[in-house]
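Here's the structure we're looking at; comments come further down.
Below, chain A is the first sequence line, B the second, and so on; all start at residue 1.
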Amino acid sequence: MTGIKQVLLDPAIQIGADLTTWLSLGGGDGLKAAIASPAGALDTVRDSGLRGMGGAGFPTSRKWEMLIASEAHDKAIVCNGNEDEPGTFKDRHLLEHTPHQVIEGGLIAAVATGTNQLFFYINPHHTKGLAAMRRAVEQWLVHDLLQAAQAAIGKSIKLAVVESSGLYIGGEETAVISTIEGGFPFPRRKPPFPAQSGVFGAPTVINNVETLANLPHILAHGAAWHRANGIGDAVGTKLYSLSGDVLRPGLYELPMGSSLHDLVFVHGMGMLSGKEFKAVFTGGPSNTLLTKKDLDVALDFDSVRARNSRLGTGAMIVISEGTSIVRKISEYMDFFANGSCGQCPPCKSGTYQLSRILNRIDAGDGSDGDLAALENLCSILPGCGRCALIDGAVTVVESSLSTFRNEYVSSIRRRD
Amino acid sequence: MTAIPYAEALDRYRANAGGFPLRPDDATIAELIAAYHPDSTGGKAIPLKIGVNAGMLCQPQVAALLQTNALIEDVDIAGAEILNTDILVIGGGGAGAAAALTAAGEGARVILATKLLLGDSNTVMAEGGIQAAVGDDDSPQRHFEDTFKAGHRAADKELVAQLALDGPDVIRWLIKLGMSFDVVGHRPFGGTLKRKTPGGATAPRILSYRDFTGLEMMRVLREAVGLHRGIQVMDRSPAVELLSDERGGCAGAVVYSLEHHRFVLVRARRTILATGGSGRLHLNGFPTSNHYGATADGLVLAYRMGAKLREMDSFQYHPTGIAHPAHLAGGLVSEAARSEGAKLVNGLGERFIDELKPRDVVASAILREIQEGRGVSRDGQTGVFLDVPGLVAAKPGILETTLISLAHLAKKCRIDPTAEPLLVTPTLHYQNGGVAIDTHGQSSVPGLFCVGEISGGIHGRNRMMGNALLDIISFGRRAGAHAAEARAEAYSSRAGIGHIHDWQRQLTLADLPLDARGPHVFPDYGNFDLVADAGIGPRAAE
C-alpha cells in the first residue's frame with residue numbers, strides 16, 4: 001500500500017484567491033528561483049521529468065525548448081483549464097482552491113521560456129474556479145513579483161483569463177488557440193504546430209492546469225525532490241479523479257505510479273456494495289478499458305501504455321459487475337456525438353451512428369447486424385478527423401466490444 | 001391484559017341500552033395521547049441514519065424500510081424497453097387518476113402505471129365522505145382552522161390553506177365528472193348537498209355518497225381515465241426504482257411488468273408519485289384498514305432519490321376497526337357511524353369518550369379501556385362495543401339508506417346489527433407524514449411530484465375525517481396541471497439509476513446492511529420476490 005502524498009492538494013494551501021497568504025506559506029519561492037536563473041529553471045524542469053498532465057504525458061521541458069528556440073518577440077503560454085471529459089475533476093479543484101499555485105506555475109513557465117503572454121483558458125462551467133482565477137490574477141497584476149519576472153525576461157508580461165466555449169472539443173490544442181483568437185473552437189490541421197504558430201501567429205505552448213501547478217514545488221524543492229515523490233521510474237505525484245462504483249469516489253493525490261489496485265481498493269475503499277470489480281475507463285472514456293487482470297498496473301504514463309491503454313488525465317471511472325458496460329459506452333458515445341465539432345464528416349456522422357446503434361442495443365432493440373455495424377465503423381473511422389476525438393470514441397467502443405462482447409449479446413437477446 | 005368476557009359485557013350493554021352514562025374523565029387530551037396512542041407507546045421513533053433527513057425521528061419499521069438497498073442494479077435494466085411520455089403518474093388511486101386526468105386535459109401525454117389495477121386502491125375504501133366548506137354557516141377559514149388544530153398545529157399552513165380553499169371547486173369538478181352525492185330534499189334531480197359533521201369540526205362539512213363515497217368517486221375517475229385518449233394505463237406494473245438524470249432530478253421510473261416479467265423504463269419530463277401510504281407494513285403490530293397495495297413503495301423510492309420527508313413518526317390509528325372475528329380484523333367501520341350518532345361503550349356498559357373527538361383522541365381512549373381491563377374479550381379478540389343497535393333505534397332505516405357498507409360488514413361478521421353491537425378496536429389507518437411538498441405537490445427533488453397519502457404536511461400529526469378524499473383531488477389536480485406545463489421541455493439527456501450508487505455508499509458508510517432491499521411492492525404475506533420473478537438473481541456463474 002502507498003499513502004496519500006499531498007503536494008498540490010496539501011490542505012494548508014487550499015486557501016483560495018488570497019495572494020498574501022499564498023506567499024506567506026512559501027508560495028513565490030519557486031518563481032523567485034526561476035527569476036534568479038531562467039536557464040536553470042528549464043534544467044530543473046527537465047531533470048524533474050515533469051510531463052504533461054492533461055493526458056498526453058509529453059515532457060514539459062521539450063515543449064518549452066521549442067518555444068525557447070523561437071526567435072519571435074511575442075510568445076504565448078496557455079494554461080488549459082477546459083476540463084470537460086466525463087469523470088475528470090482535478091483542474092477545477094485546483095483553479096477554485098489554489099489559483100495562485102497555478103498562476104505562479106504559469107509565471108515560472110513564462111520566465112523560463114521568455115514568454116510575454118500568459119492565457120488562463122478556463123471552462124465557464126467551473127464558475128467558482130473562474131471567479132477565483134479572476135480575483136487571483138488581479139492580485140498578481142499589482143504585485144512586485146510580477147515586476148521582477150518582467151525584468152528577468154525583459155518584456156512586459158500579459159496575464160489574461162479567457163473563458164473557453166465550455167465544449168469538450170474546446171480543450172483540443174488548436175481549438176484552444178482558435179477560441180482565444182475569438183473564433184469557434186474548431187481544431188485545425190497540424191502542422192503548423194502551435195509551437196510554430198499559435199495564438200495570433202505567436203509560438204504557443206499549451207500546458208495543463210495540473211502541469212503548471214507542479215512547477216512552484218519543483219522549483220522550490222528541486223528536481224531530485226520531485227523525482228523522489230514518484231514510485232519506481234515514475235516521478236512526482238498525480239491527481240487521480242476516482243469515480244464510479246467505488247465506496248469513496250473523489251480526488252486523490254498519490255505518488256505517480258501507485259497501483260490501480262491501491263487506488264480502487266485502498267483509497268476508494270473498494271467496490272460499492274461488495275460487487276465484483278469489472279473494468280475501469282481510464283483518463284476520460286476514450287481509451288482501452290482496463291480489466292481485472294490489469295489491477296496490478298502502476299498508474300503512470302508508461303506502465304499504463306504498456307497495457308495498450310493510456311493514463312490520460314488520471315480519471316478512473318470504475319465499473320462493477322452491477323453496472324452495464326453497454327449502458328456506459330452508450331452514455332459516453334452520446335457525449336462524443338454531442339462533442340464532435342462537425343467539421344470532419346466521418347467524425348460527425350460516425351459518432352452519431354455509433355451513438356444511435358449503441359442506444360438501440362441499450363434499449364433492447366438491437367440486432368446481430370448492429371454488432372457487425374459497430375465493428376465495421378470501428379475499422380473505418382480511426383484517423384479520419386483533424387483531431388483525436390473520433391479515435392478516442394472508436395477506441396472505447398472497440399475495446400468494450402472485444403472485452404465485453406457477451407454483454408452486448410445479452411442486451412440483444414434480452415427481449416427475445 | 002384482562003378483559004371482560006363477551007357474554008358478561010353484552011349483558012351490561014343490554015342493561016344500559018339507550019342511556020349509556022358518560023364516565024367523567026380527568027385526563028387531558030395531551031395526557032391521553034401521550035399515554036395511550038401507538039405513536040407514543042409503540043416502537044420508539046428512531047433517528048434516520050442516512051439520506052436528506054438524517055437525524056429526523058422516524059417510526060422504526062418505516063426507518064428500516066427507508067434505509068434499504070435498491071431492488072435492482074444497473075445491469076438488470078440493460079436492454080429494457082424504453083417508453084417516452086410527458087408525465088408519468090405512479091399509482092392508480094384517486095390522487096393518481098386526478099393528476100393524470102388534469103395533466104392529460106392540459107394536452108400532456110400521460111402514462112399511468114399502477115401496481116394493481118386502476119382504481120384498486122385505498123380511495124375506494126374511503127367510506128365517510130369528503131370535506132368541503134360549502135355550507136352557509138361554514139367557510140374555508142373555518143375548514144383551515146379545524147384542520148390545522150386537529151393536526152396539532154404541525155401542518156404546513158400554506159398547504160392547509162390551499163386544501164381548504166380548493167374544497168368547493170373540487171366538489172364542483174367531481175359533480176361535473178358525474179359523481180353522485182347525498183342530497184337533502186326529495187326531488188328527482190338536483191337538491192342541496194347533505195352535510196354531516198366530522199370529528200373535530202366546528203361546522204357540518206362532510207359531503208358523502210351513502211357510506212361508500214370513495215367508491216363512488218373512484219367509479220367516475222376510473223371511467224374518465226379509461227376514456228381519455230391521452231392517458232395510457234399500465235396495470236400490474238409496480239415502480240421498483242425512479243430514474244435520475246445527471247443533475248439528480250427525477251427523469252421517470254423503472255416499472256416491472258408483472259405480466260411479462262420484465263422491466264420497462266418510462267422516461268418522463270415529470271413524474272408524479274401517488275403511491276399511497278404504508279398501512280400494510282402493519283406498524284407496531286396493528287391490524288390495518290388499508291388496501292393491499294399500501295406498502296410505502298413511493299416513499300422509499302422518493303427518499304432514496306433525495307426527497308425530504310416530514311412527520312414520519314406520526315400515523316393515524318382509526319378508532320373503529322373490526323376486532324372480531326379475527327379474519328376480518330382491521331376492517332374499517334366508517335366514522336360515518338359515529339358521525340350519525342353511534343356511541344362507543346366499554347365492557348362495563350359505560351361511555352368513556354366523546355365519540356366526535358379527533359381520531360387520535362378516540363383511538364387513545366379505546367386503547368386505554370382495553371389496557372385497563374375494561375375492554376370486551378371474545379374468542380381472544382379484544383375491543384369495545386360500537387352501539388349500532390342504539391343508532392338504528394334512534395334512526396330507523398339508516399342501515400338501508402346511509403350506512404350500507406356497515407350493514408354489509410355486519411353481515412360478514414355474522415351479527416345482526418339491529419340487535420348486537422360490533423366489537424371494534426383501533427386499526428392502522430393513515431400515514432400522517434410523508435414527502436414534503438409545496439402547493440403544487442412538488443417535492444424537493446426536481447421533476448418529482450408527490451400527491452395523496454405519500455405526501456406530508458397537509459394533515460400535520462393527525463388527519464380529520466374527509467380531508468383525505470379532498471387532499472387527493474385537490475393536490476392531484478394541482479400537481480397534474482403544474483407538471484403538464486413541462487410538456488414542451490426537452491428530456492434530460494440521460495435517465496438511469498446512478499443515484500442508487502450514492503445511496504449504497506451512504507448505506508455502507510453508515511454500517512447498514514446491503515442485503516435488506518426495498519420497496520416491498522407487496523406485503524410480506526404476498527410472498528412476492530422480484531429477484532426470483534424477474535430472473536435477476538446472482539449472475540456469478542454466467
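With a 4.5 Å cut-off on non-hydrogen atoms, B:Ala70 does not touch chain A at all. Interface residue A:Asp245: backbone and side-chain heavy atoms are both found under 4.5 Å from chain B. Only the side chain of B:Leu265 comes within contact range of chain A, with heavy atoms under 4.5 Å apart.
Atom OH of A:Tyr352 has 12 or fewer neighbouring heavy atoms from other residues, nucleotides or ligands inside a 6.0 Å radius. For B:Tyr491, the OH atom sits in a packed shell: over 12 heavy atoms of surrounding residues, nucleotides or ligands are nearer than 6.0 Å.
Considering only heavy atoms from C-beta on, A:Thr323 comes within 4.5 Å of B:His501 through its side chain.
When each of A:Asn338, A:Asp362, A:Leu272 is checked for heavy-atom pairs under 4.5 Å with chain B, A:Leu272 comes out on top. Of all the listed residues (A:Ser273, A:Ser330, A:Ser320), the one sharing the greatest number of non-hydrogen pairs under 4.5 Å with chain B is A:Ser273.
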Derivation and outcome, side chain to side chain contact (heavy atoms under 4.5 Å, CB included), residues B:Leu509 and A:Arg248
CA-CA 9 Å; B:Leu509 296 174; A:Arg248 285 263 197 205; 4.1 Å; yes
List the steps, then state whether side chain to side chain contact (heavy atoms under 4.5 Å, CB included) holds for B:Val75 with A:Lys275.
CA-CA 12 Å; B:Val75 281; A:Lys275 289 270 186 310; over 6 Å; no
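The two atoms that bring B:Gly79 and A:Ser411 nearest to each other are N-OG, 4.0 Å, heavy atoms only. The two atoms that bring B:Ile77 and A:Arg327 nearest to each other are O-NH1, 3.9 Å, heavy atoms only. Closest of all the heavy-atom pairs between B:Asp74 and A:Ser324 is OD2-N, 2.6 Å.
At least one donor-acceptor pair closer than 3.5 Å links the side chain of B:Arg505 to the backbone N or O of A:Val246.
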